[in-house]
Q: 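Once you've had a glance at the structure underneath, I'll fire off some questions.
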Amino acid sequence: QVQLVESGGGLVQPGGSLRLSCVASGSIFSINTMGWYRQAPGKQRELVAIITAGGSTNVADSVTGRFTISRDNAKNTVLLQMNSLKPVDTAVYYCYAGVAQHSAPRDYTAYWGQGTQVTVSS
């Protein structure tokens, strides 16, 4: 089994910063893509930013220039540095990872974290 554990959410004022962290653990052979999605109340889950094992990134236009995604492959960790936060960034943020386990090293399966709440409000 594979688990993704997120941390770093919370309440912050507009213009403030937060850093989200996600660690993958379990029977992991390889991870291809890791990243973050978010879901605001009444809205569909949307991509925030993803990063490949080689370091290529895809960042949503709405957060480009404010959010930075990074990754530590040796620690199976993905980070999301969020600066200049706005009230519209308020959402539950979910970590994502495409994981191949030792039992099936060529088969990648999507795993999700439990979500962490980010609230931007004065």
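Owing to the predicted nature of the structure, the values given are computational and were not obtained by experimental measurement. Side chains included, hydrogens not; waters and symmetry mates left out as well; all remaining heavy atoms used.
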Q: May I ask you to test the Ser30-Pro105 pair for a side-chain heavy-atom distance under 4.5 Å?
A: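 A side-chain contact under 4.5 Å is absent here.
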Q: Hey, what do you get for CD1 (Ile28) to CD (Gln1), rounding to the nearest 0.5 Å?
A: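 The CD atom of Gln1 is 11.0 Å from CD1 of Ile28, to the nearest 0.5 Å.
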Q: Hey, could you give me the OG/CZ distance between Ser84 and Arg66, rounded to the nearest 0.5 Å?
A: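 The OG atom of Ser84 sits 7.0 Å away from the CZ atom of Arg66.
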Q: Using every non-hydrogen atom in the two residues, find where Gln114 and Leu4 come nearest and quote the distance to one decimal.
A: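 Heavy-atom minimum between the residues: OE1-O, 3.5 Å.
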Q: To the nearest 0.5 Å, how far apart are OG in Ser121 and CG in Leu11?
A: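 If we round to the nearest 0.5 Å, Ser121:OG and Leu11:CG are 6.5 Å apart.
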Q: Do Val92 and Trp112 belong to the same hydrophobic cluster, where Ile, Leu, Val, Met, Phe, Trp and Tyr are linked whenever their side-chain heavy atoms lie under 4.5 Å apart, directly or via other members?
A: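 Same cluster: Val92 reaches Trp112 through Ile, Leu, Val, Met, Phe, Trp or Tyr contacts under 4.5 Å.
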Q: Begin from the C-alpha positions of Ser17 and Asn83 and carry the test side chain to side chain donor-acceptor pair (under 3.5 Å) through to its verdict.
A: CA-CA 4 Å; Ser17 298; Asn83 298 328; 2.9 Å; yes
Q: Return the OG1 to CD distance between Thr119 and Gln13, rounded to the nearest 0.5 Å.
A: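 That separation rounds to 13.0 Å.
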Q: Any idea which heavy atoms bring Leu20 and Met82 closest together, and the distance?
A: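 Nearest pair, atom of Leu20 first, then Met82: CG-CE, 3.7 Å.
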Q: Report yes or no: is the cationic atom of Arg38 (NZ for Lys, CZ for Arg) under 6.0 Å from the centre of the six-membered ring of Tyr94, at an angle within 45° of the ring normal?
A: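 That pair does not qualify as a cation-pi contact.
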Q: Do the side chains of Thr77 and Ser21 get nearer than 4.5 Å, heavy atoms only?
A: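 A side-chain contact exists here, since the closest heavy-atom pair is under 4.5 Å.
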Q: Could you tell me whether Phe67 and Trp36 have their ring centroids closer than 6.0 angstrom?
A: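 No; Trp36 has its ring centre 6.0 Å or more from that of Phe67.
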Q: Sequence neighbours excluded, which residues qualify as salt bridge (charged side-chain N to carboxylate O under 4.0 Å, His left out) partners of Arg19?
A: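 With sequence neighbours excluded, Arg19 shows a salt bridge (charged side-chain N to carboxylate O under 4.0 Å, His left out) to no residue whatsoever.
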Q: Could you tell me whether a side-chain N or O of Thr64 sits under 3.5 Å from a main-chain N or O of Ala60, the two making a donor and an acceptor?
A: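 Side chain of Thr64 to backbone of Ala60, a donor-acceptor pair under 3.5 Å: yes, one is there.
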Q: How many angstroms lie between CG in Asp107 and CD in Gln101, if you round to the nearest 0.5 Å?
A: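 So the gap between those two atoms works out to 10.0 Å.
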Q: Hey, could you give me the CD1/CG distance between Ile51 and Asn73, rounded to the nearest 0.5 Å?
A: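 The CG atom of Asn73 is 8.0 Å from CD1 of Ile51, to the nearest 0.5 Å.
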Q: Please name the residue in the list Val12, Val120, Val48, Leu18 that meets the side-chain contact (heavy atoms from CB on, under 4.5 Å) test with Asp89.
A: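 Answer to the side-chain contact (heavy atoms from CB on, under 4.5 Å) test with Asp89 among Val12, Val120, Val48, Leu18: Val120.
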Q: According to a 4.5 Å side-chain heavy-atom criterion applied to Ile, Leu, Val, Met, Phe, Trp and Tyr, with indirect links allowed, do Ile69 and Tyr93 form part of one hydrophobic cluster?
A: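 Yes.
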Q: List the atom of Glu6, the atom of Gly115, and the distance in Å for their closest heavy-atom pair.
A: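 Residues Glu6 and Gly115, closest heavy atoms: OE1-N, 2.7 Å.
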Q: In terms of hydrophobic clusters joined by side-chain contacts under 4.5 Å, are Leu85 and Leu80 together?
A: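 Looking at the clustering, Leu80 is in the same group as Leu85.
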Q: Where is the tightest heavy-atom contact between Ala100 and Tyr108, given as atom of each residue plus distance?
A: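 Scanning both residues, the minimum pair turns out to be N-CD2, 3.5 Å.
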Q: Transitively linked via ILVMFWY side-chain contacts under 4.5 Å: Tyr96 with Val99?
A: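 Each belongs to a different hydrophobic cluster.
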Q: Verify the cluster assignment for Tyr111 and Ile31: are they in a single hydrophobic cluster under the rule of side-chain heavy atoms below 4.5 Å apart?
A: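 In one cluster: yes.
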Q: Quick one: which residue pairs count as a disulfide bond (SG atoms under 2.5 Å apart) with a foot in residues 29-122, not counting sequence neighbours?
A: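 Counting only pairs at least two positions apart or across chains, the disulfide bond (SG atoms under 2.5 Å apart) contacts touching residues 29-122 are Cys22-Cys95.
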